[in-house]
Each structure stands twice: as C-alpha cells, then as structure tokens.
Amino acid sequence: MNISLPDALKSFVDEQVSQRGYGTSSEYVRELIRRDQDRQQLRNLLLAGAASAPAAPADTSYFEGLRDRVRKGAKARAQG
C-alpha cells in the first residue's frame, strides 16, 4: 500500500519518526492505526455498556462486595 502525503504532513511524519524512535514511517503509521483500532474497540464497548440494562445497582453494598472479592482473590494468590 502506498500513501501520498502533502509535504507538510510528510515533514510531520518524518519528524515523529526521528523524535519518537520509530525505524520507519511505516512503523509510525502502523502504530497510529493500532491506536485507532483500540480507540474504536473501547468506544464500542462503552456504547454497548451504556445501552445495556444495569445488572445490579452500583451502591455501597456493590462496592463492598467488589472489594471483598478482590481481597479474597489477592489472599488466595498469596497463599497459592
């Protein structure tokens, strides 16, 4: 795949490659694409979560139960 860029964008890409330690402009572009994929995946997960009905109210009791589960899991890992 070849991508044509105006001189100003090419200069920006070249600067990013040299300043941020990328070996080539292709590495830089691949990183941007990966970040965009991650951003879209997170957005889709957030939208799915917002569209779903809450399973339980997130009140004091919910958070206490969550803390208890985390503590028990950490204790089990420390013993195991």
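Residue numbers start at 1 and run along the sequence shown. The analysis underlying the following values was restricted to heavy atoms, covering all of them including side chains, and did not include hydrogens, waters or symmetry mates.
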S.K.: Which pair of non-hydrogen atoms, one from Ser25 and one from Val17, has the smallest distance, and what is that distance?
M.R.: CA-CG2, 3.6 Å
S.K.: Enter the distance from Gln16:CD to Tyr22:OH here, rounded to the nearest 0.5 Å.
M.R.: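 Here the interatomic distance stands at 8.0 Å.
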S.K.: Does the salt bridge (Lys or Arg N to Asp or Glu O under 4.0 Å) test come out yes or no for Asp7 and Lys10, once each step is laid out?
M.R.: CA-CA 5 Å; Asp7 289 339; Lys10 184 180 180 330; over 6 Å; no
S.K.: More than 12 heavy atoms of other residues, nucleotides or ligands under 6.0 Å from CZ of Arg43: yes or no?
M.R.: no
S.K.: Quick check for you: to the nearest 0.5 Å, what is the distance between Ile33 atom CD1 and Ser26 atom OG?
M.R.: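 If we round to the nearest 0.5 Å, Ile33:CD1 and Ser26:OG are 9.5 Å apart.
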S.K.: Starting from Tyr28, can I reach Ile3 by hopping between I/L/V/M/F/W/Y residues whose side chains sit under 4.5 Å apart?
M.R.: yes
S.K.: Report the distance from atom CG of Leu32 to atom CZ of Arg34, rounding to the nearest 0.5 Å.
M.R.: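 These two atoms lie 10.0 Å from each other.
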S.K.: Could you walk me through whether Arg39 and Asp36 pass the salt bridge (Lys or Arg N to Asp or Glu O under 4.0 Å) check?
M.R.: CA-CA 5 Å; Arg39 183 192 59 79; Asp36 195 40; 2.8 Å; yes
S.K.: Between Arg67 and Glu64, is there a side-chain heavy-atom distance shorter than 4.5 Å?
M.R.: yes
S.K.: For the CG atom of Asn44 and the CD atom of Gln41, what is their distance to the nearest 0.5 Å?
M.R.: 8.0 Å
S.K.: Taking all non-hydrogen atoms of both residues, which atom of Ser18 and which atom of Glu15 are closest, and how far apart?
M.R.: OG-O, 3.0 Å
